[in-house]
Amino acid sequence: MSLLHWAVLAPFLAALLVPFLYKLVRRIHTGWFVLFIPIILFTYFFTLIDTTRKESTIIESVPWIPSLHINVSLYVDGLSLLFALLITGIGALVILYSIFYLSNKKESLHNFYVYLLLFMGAMLGVVLSDNLIVLYTFWELTSLSSFLLIGYWHHRERSRYSAQKSLLITVFGGLAMLGGFVLLSYIGSTFSIRELIMDSGQLFEHPLFIPTMLLILLGAFTKSAQFPFHIWLPDAMEAPTPVSAYLHSATMVKAGIYLVARLSPVFAFSGTWLWLVSLFGIITLLWGSFFAVKQTDLKGILAYSTISQLGLIMSLLGVGAAALHYEELDDNLYLAATVAAVFHLINHATFKGSLFMVAGIVDHETGTRDIRKLGGLMQVMPITFTVAVIGTFSMAGIPPFNGFLSKEMFLASMVHVLELDIVNFTTWGALFPVIAWIASVFTFIYSMIILFKTFTGSLQSEKLPKQPHEAPIGMLISPIILASLVIVFGLFPNLLSTSIIEPATAAIQPTLTNDLHVHIGFWHGFKPEFWMTVGIIVFGTMLFITLKRWWRIYSIVPEQISLNNLYDQSLNMIEVISLKLTKFFMTGYIRNYLIYIFIFFIAALLSTLFQKNAFTIDLDHVAPIGLYEVILAVIIASVSIVILFAKSRLTSIILLGAVGYTVSLFFVLFRAPDLALTQLIIETISVALFLLCFYRLPKLGNRKEERMAFRWNNALISIGVGITVTLIAISAFSSNKPFPPISSYYIENAYKEAGGKNIVNVILVDFRGLDTMFEITVLGIAALGIFGMIKLRTGRKSE
């Protein structure tokens, strides 16, 4: 395996060691050992910047399922490297922060860091995978590990609810995405993302192109909390703050963004892609920013602001796709939207990560995150306040911070939408800059709420569970580093231009970036985006000052009419319906279950047989039937009928054993002594077990005899099963198959490949070796269980 593969495996391998470190070295916080993993990985990925800056890529592959063309192929270009740096860089800061946030004595740190490392490795696998199936595998692992992290405090009912909610929604989208991946591989005849991108022009004409796109977008939208699937993200704030800072600002919620960016070269030729990505993004932006103002919990505000910012990035990726619809572009008009998306992706990770950590510090040092109880903390927490100023001003789009630059680029891109003369953007597309401006106003308002409601005003010590004080320096290091990056990237944005932004943009728009040169500046003249920013600050300030006068608009719509309530009601309805169906079908009688199974068996197989015109009778190749075979068949049929009228359990058991022993004689006639021996052993054991069990039951003659009435439905089902099996057997033997039977393969390869002359033994031991091994394992487990029950019963008797 390559160094790249080991980089992805490193967090998983480290997760195996964490429980032992936690147990052996209890005095040292486990996070100190875990911290080395993301630092080393970040250093490794940082060394690859020169490679991607030169428009070079790295591809490493290890076979996984070669027969299906599925390999663990890892691919590093500008886009995947950007995300790898975010995952490991933010991961290192979050682990450092968690060392001081989580108590070594009160918390189950071995669980926490195992889950965190699993998530880190899964995210690296997502962003570095070139194979769709491998990407999906890591994708679902992120859902599982985030479920464990969100429900880390599992003793809280709300944590369990939130973890389940996130898992149900993201896994639902993941399953839809898997369907899209299968269709995409069918259309493109490959699972490789690179190969699909190279053949994207031909994929566009396939009739399954749009359904494939919709399924994949469903996965991306659920993961990145796009409207209306955003409802899981605010509830996920039940997780510890380090989890929120990592998963919900820089990594997991960006997975959907990554997927849209990665597959843009495949789908962006479609106007449907442009509309869907842009529309869902801009609606999410407005929805998240509007409802963020309503929240009273610091992490709740940040959760809705994350939803809003994710919508902003998604809308930029959608508008950026318009660049592919023009052969010539003046000043990279729509390609600039993609550049803005990449830049804001970085900026959001820095300012939102620092703000989540600030919220955690406030909660840790005051005992609450409720802004109605907070205020005046600037006096006692000056360093935390300084970090909050930088983070909130950047998020609000105020200069000279990095958020201002990417927000300006966003507004400029929305203004350029007015010039789009494709796929009907000249009509409804005119709303994009309006919605963007309104959403930005609300973004300004909730940013000011976080800052001023928490840190200014009078200190309400009587409402706080703890006496507030500044956080320890260890907890402040990570947010200070992120806040410093906010300033550095704001004052010197072109530090990222050629090293990070250009290669990432080139990966998203590979056909349009030959002459790409990114230069980010503060001043672009008195353009529409400048006046929009001025309006945002002016109107945002006015609305913030008058917040108490218009805040009641949020109470117009009752809580019962909400997406969260719809989710809860839907879940309850599913449980009620499932319970009713279960009670209806699960009667406790095996005969009823067999009736359901047999009816479905007859309907499904017979309808398929006749619908596909697969029923044929051809007896030309049938071997001659001898006298002994006829005699044995008559014996089996006769004994089977007699069993139905037996009045003694002993008689029934003997007759049932006779059927089995007669079948073993068939195997002898057909020269399969090993099968005959197996059948004899099974029948002997079965008869013995039946006798042992029925010995404990009362005799039939000791109670009043009950004669069962003849039931036509049971008779018809029995006859139907017999006819179905007979027709399938005859058709399978008689039909002209479009492919050679599997038996010919075994005949040709049994001795050559496995060195055995008995084909049946070779199939069981060699060709189906794993299957046989697991069957033996199951039997072994059952035997141990039976032995344990016998010993338990013996022990009780001795007592």
Side-chain angles (χ1 to χ4, degrees), residues 1-14 35-62 71-95 117 119-131 134-135 138 142 192-194 197 246 250-251 254-255 257-259 261-262 264-265 338-339 341-343 345-347 349-350 353 481 485 488-489 492-510 513-514 516-518:
M1 288 195 303
S2 67
L3 189 58
L4 195 57
H5 285 91
W6 285 113
V8 175
L9 283 176
F12 297 107
L13 297 176
L35 182 60
F36 289 102
I37 301 300
I39 290 177
I40 293 171
L41 292 177
F42 179 80
T43 304
Y44 166 68
F45 287 117
F46 191 82
T47 61
L48 302 180
I49 290 179
D50 284 338
T51 302
T52 57
R53 180 162 49 188
K54 297 173 183 176
E55 299 183 0
S56 300
T57 57
I58 301 173
I59 178 72
E60 301 288 351
S61 184
V62 173
N71 302 319
V72 183
S73 299
L74 302 182
Y75 179 66
V76 177
D77 62 358
L79 182 63
S80 57
L81 182 61
L82 165 61
F83 276 87
L85 289 171
L86 287 176
I87 293 164
T88 53
I90 301 295
L93 295 176
V94 165
I95 291 174
L117 287 169
F119 178 80
M120 184 182 298
M123 277 300 303
L124 286 174
V126 167
V127 302
L128 294 172
S129 294
D130 177 60
N131 189 284
V134 177
L135 189 154
F138 284 117
T142 62
S192 172
I193 298 174
R194 293 179 299 110
I197 291 174
Y246 192 38
T251 51
K254 301 281 178 63
I257 299 291
Y258 168 80
L259 186 67
R262 176 58 76 196
S264 279
T338 304
V339 174
V342 173
F343 189 34
L345 186 76
I346 301 170
N347 295 340
T350 56
I481 292 175
L485 292 176
V488 172
F489 293 159
F492 309 101
N494 292 300
L495 288 173
L496 302 171
S497 295
T498 58
S499 58
I500 300 294
I501 298 176
E502 283 184 12
T505 305
I508 300 172
Q509 303 281 17
T513 53
N514 293 330
L516 176 64
H517 177 68
V518 175

To the nearest 0.5 Å, tell me how far L79 CG sits from S264 OG.
9.5 Å

For residues S80 and D77, is any side-chain donor paired with an opposing acceptor at under 3.5 Å?
yes

Can you tell if the side chain of L86 reaches within under 4.5 Å of the side chain of Y258, non-hydrogen atoms only?
no

Side chain to side chain, V94 and M120, heavy atoms closer than 4.5 Å:
no

Return the minimal non-hydrogen interatomic distance between N71 and S61, and the atom names on each side.
CB-OG, 3.4 Å

Non-hydrogen atoms of T43 and I39 that approach each other most closely:
OG1-O, 2.8 Å

Flag side-chain contact, heavy atom, 4.5 Å: W6 against L13:
yes

Within the 4.5 Å heavy-atom criterion, are Y75 and I58 side-chain neighbours or not?
no

Minimum heavy-atom distance A504-V342, with the two atoms named
CB-CG1, 3.8 Å

Main-chain N/O of G353 paired with Y246 side-chain donor or acceptor, under 3.5 Å
no

Does T505 offer a backbone N or O that forms a donor-acceptor pair with the side chain of T338 under 3.5 Å?
no

Do Y44 and T88 come close enough that some side-chain heavy atom pair is under 4.5 Å?
no

Please report the closest heavy-atom contact between T251 and M123, naming both atoms and the distance.
O-CE, 3.6 Å

Beyond-backbone contact of S129 with L74, side-chain heavy atoms, under 4.5 angstrom
yes

